Amino acid sequence: MNTKWRLFGFSFAAAVFMAGYFLALPAASQSTQASAKPAGAAKSDSSGTYMPGCCGTNEELQKFYLGLPAAKKPTPRAPDGHPDLTGFYDNPFNTVVTKSADGSVSFVLGGRRINAYKFPTPEMPSYKPEYAAKVEAIFKNQYGASTPDDPQYDCKPMGVPRASMVPLQFVQTPKMVVILYESNFIGQTYRIVYTDGRPHPKDLDSSFLGDSTGHWEGDTLVVDVVGLNDETWLGGAQGHTEPGGDGQPGHQIVETHALIHSDQEHVTERYTRHGDMIVYEATVEDPVMFTKPWVLTPRHFMLGVPPDDRIFESFCEARDKSHIVRPSEADEPQCEIGNAITKPGDPACRR
């Protein structure tokens, strides 16, 4: 992503409020910098190059991303022979710019949340009935993608796996891997993944990002995360930006119903570098709230352009919760499915 679109020192709540607000606008009132190709044009050719829109399953999705030029580059390796995850990663980020008749200009970070390309619908956790009802109530009380029920409006760290989105930076040593999060619009946070064989502390206090230990399985860093508190969400809200393909803008993946969890959450992460791309996979277990483990749709982190790009200082001030709109019978948000606008309350909206 070009650094001119990266904002820092900016209240997260205000950013998400704007995005949630403009999500409700009709498509005709928006203008985008990138023109979308018809979904029917998506295909693969005889050379094995996969075009945006090709993917209906997670298997096809992986084949699509691993076929991109960035993933086919040589994978750098550390002196110990393991892939070197070190680097700054950021995915292409489309921005919609709208100029009103009065001359005011609005910027919608991330642009359209759902474009004409075909990508798999992300899996949602299998909640036990009593918790599924709570999640559905939270979802229905959102305006667009925003709700003051979201803990991120209190400037709390995102938690795991929610924090695993770009922009971020990896610093790898023989004994640890440090993950630096630019903000997720929350403020700078970091995690240390110890790879020196140490176990988790026996007297571990729970925290937002827990305790992480890792080991290598072939070319994949496998991370075990425990000690997570129940004050974060698993996903929801604005989601995260995935690369749209070679030369294409990114698109948003939103796990709309991946929300609450207990303090018994246990996460197993897998980081695999392919050239200039890292594939992130995670399995979340919660014996209190889930009927079975939740397997995330794989995420993809692209090496920043230019490659010597770096994270910015960022911070969050929780001053905007009172301004976030809640839905009502007289004012319900609409959303885009492809290029169509759904009616308020459409069950297909953002699912």
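In this text the structure is predicted, and so the values were computed from the model without any measurement.
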Engineer: With no hydrogens and no angle check, is any side-chain donor or acceptor of R273 less than 3.5 Å from a backbone partner on G275?
Structural biologist: yes
Engineer: Please name the pair of heavy atoms, one in Y127 and one in A258, separated by the smallest distance, quoted to 0.1 Å.
Structural biologist: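 Looking at all heavy atoms of both residues, the closest pair is OH-C, 3.9 Å.
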Engineer: Can you name the nearest heavy-atom pair linking F88 to D309, along with the distance?
Structural biologist: CB-O, 3.4 Å
Engineer: If hydrophobic clusters are built from ILVMFWY residues whose side chains come within less than 4.5 Å, do I192 and I311 share one?
Structural biologist: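 Yes, I192 connects to I311 through the hydrophobic network.
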Engineer: Tabulate below the donor-acceptor pairs under 3.5 Å that side-chain atoms of residues 202-212 make, not counting sequence neighbours, or state none.
Structural biologist:
{"unit_1": "S207", "atom_1": "OG", "unit_2": "G210", "atom_2": "N", "d": "3.0"}
{"unit_1": "D211", "atom_1": "OD2", "unit_2": "H200", "atom_2": "ND1", "d": "2.6"}
{"unit_1": "S212", "atom_1": "OG", "unit_2": "R191", "atom_2": "NH2", "d": "2.9"}

Engineer: Using atom types as modelled and distance alone, determine if a side-chain donor or acceptor of Q172 lies under 3.5 Å from a backbone N or O of P83.
Structural biologist: yes
Engineer: Can a donor-acceptor pair be found, under 3.5 Å and without considering hydrogens, that links the side chain of S100 to the backbone of D102?
Structural biologist: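 Such a contact is absent between S100 side chain and D102 backbone.
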Engineer: Using a 3.5 Å distance criterion without hydrogens, assess whether the side chain of E182 forms a donor-acceptor pair with backbone atoms of F312.
Structural biologist: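 Pair found, side chain donor or acceptor close to backbone of F312.
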Engineer: By the rule that ILVMFWY residues connect when side-chain heavy atoms come within less than 4.5 angstrom, directly or transitively, which residues belong alongside V295?
Structural biologist: none
Engineer: Report the distance from atom CD of E136 to atom NE2 of H257, rounding to the nearest 0.5 Å.
Structural biologist: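 Rounded to the nearest 0.5 Å, the CD-NE2 separation comes out at 4.0 Å.
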Engineer: In chain order, what residues pass the ring pair (Phe, Tyr, Trp, His ring centres under 6.0 Å) check against H82, with sequence neighbours excluded?
Structural biologist: W216
Engineer: Using a 4.5 Å cut-off on heavy atoms from C-beta on, say whether the side chain of T232 contacts that of H261.
Structural biologist: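 With C-beta onward as the side chain, the pair touches.
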Engineer: May I ask you to test the I179-Y271 pair for a side-chain heavy-atom distance under 4.5 Å?
Structural biologist: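 Yes, side chains in contact.
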Engineer: E269 versus V160: any side-chain heavy-atom pair under 4.5 Å?
Structural biologist: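 E269 vs V160: side chains touch.
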Engineer: Go through it in stages, so that I can follow the logic: the residues are K128 and D286, the test is salt bridge (Lys or Arg N to Asp or Glu O under 4.0 Å), and I'd like the CA-CA distance, side-chain angles, deciding distance and then a yes or no.
Structural biologist: CA-CA 10 Å; K128 295 177 181 179; D286 188 337; over 6 Å; no
Engineer: So which heavy atom on P243 is nearest to which on M302, and how close?
Structural biologist: CG-CG, 3.3 Å
Engineer: Measure from the side-chain N and O atoms of D84 to the backbone N and O of P76, and report whether any donor-acceptor pair falls under 3.5 Å.
Structural biologist: no
Engineer: Counting only N and O atoms by type, is there a donor-acceptor contact under 3.5 Å from the side chain of W294 to the main-chain atoms of E123?
Structural biologist: yes
Engineer: Please name all residues satisfying salt bridge (charged side-chain N to carboxylate O under 4.0 Å, His left out) with D80, sequence neighbours left out, ordered by chain then number.
Structural biologist: none
Engineer: Verify the cluster assignment for L68 and L66: are they in a single hydrophobic cluster under the rule of side-chain heavy atoms below 4.5 Å apart?
Structural biologist: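 Yes, same cluster.
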Engineer: How long is the gap from OG1 on T213 to CZ on R198, to the nearest 0.5 Å?
Structural biologist: 10.0 Å
Engineer: Spell out, as yes or no, whether a donor-acceptor pair under 3.5 Å connects the side chain of Y65 to the backbone of A71.
Structural biologist: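 Judged by distance alone, no pair lies under 3.5 Å.
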Engineer: Got a sec, which residues hit side-chain hydrogen bond (donor to acceptor under 3.5 Å, both in side chains) with K175, two or more places apart in sequence or on another chain?
Structural biologist: none
Engineer: Is there a donor-acceptor pair closer than 3.5 Å between any side-chain N or O of D90 and the backbone N or O of V166?
Structural biologist: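 Pair absent, no side-chain N/O of D90 close to backbone of V166.
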Engineer: So, does T195 use its side chain to make a donor-acceptor pair with the main chain of H215 at under 3.5 Å?
Structural biologist: no
Engineer: If hydrophobic clusters are built by linking Ile, Leu, Val, Met, Phe, Trp and Tyr wherever their side-chain heavy atoms come under 4.5 Å apart, do L303 and Y181 end up in the same one?
Structural biologist: yes
Engineer: Without swapping roles, check the side chain of E242 against the backbone of H300 for a donor-acceptor pair under 3.5 Å.
Structural biologist: yes
Engineer: Is the shortest heavy-atom distance from the side chain of D224 to the side chain of H266 under 4.5 Å?
Structural biologist: yes
Engineer: Taking the side chain as C-beta and beyond, is there a heavy-atom pair between E265 and P161 under 4.5 Å?
Structural biologist: yes
Engineer: Looking at CD of E231 and CD1 of I260, how far apart are the two atoms once the value is rounded to the nearest 0.5 Å?
Structural biologist: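 The distance works out to 14.0 Å.
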Engineer: State plainly whether one hydrophobic cluster holds both V279 and V222, where clusters connect Ile, Leu, Val, Met, Phe, Trp and Tyr through side-chain heavy atoms under 4.5 angstrom apart.
Structural biologist: no
Engineer: Quick check: do L61 and T297 have side-chain heavy atoms less than 4.5 Å from each other?
Structural biologist: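 They are in side-chain contact.
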Engineer: Out of curiosity, D230 CG to Q264 CD, how far, rounded to the nearest 0.5 Å?
Structural biologist: 9.5 Å
Engineer: Which heavy atom in V193 sits nearest to a heavy atom in G214, and how many Å separate them?
Structural biologist: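 Closest heavy-atom pair between V193 and G214: CG1-N, 3.7 Å.
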Engineer: List for me each residue that meets ring pair (Phe, Tyr, Trp, His ring centres under 6.0 Å) alongside Y194, sequence neighbours excluded, and say none if there are none.
Structural biologist: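 Listed in chain order: nothing, the list is empty.
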Engineer: Out of curiosity, does L259 fall in the hydrophobic cluster containing V288 (side-chain heavy atoms, cut-off under 4.5 Å, transitive links)?
Structural biologist: yes
Engineer: How far apart are the closest heavy atoms of F301 and Y89, and which atoms are they?
Structural biologist: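 It is O-CD2, 3.6 Å.
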Engineer: Which pair of non-hydrogen atoms, one from K292 and one from S126, has the smallest distance, and what is that distance?
Structural biologist: CE-OG, 3.1 Å
Engineer: Are any of the side-chain heavy atoms of I278 and T272 separated by less than 4.5 Å?
Structural biologist: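 No, too far: nothing below the 4.5 Å cut-off.
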Engineer: Taking 4.0 angstrom as the limit, do R162 and E255 come out as a salt bridge?
Structural biologist: no
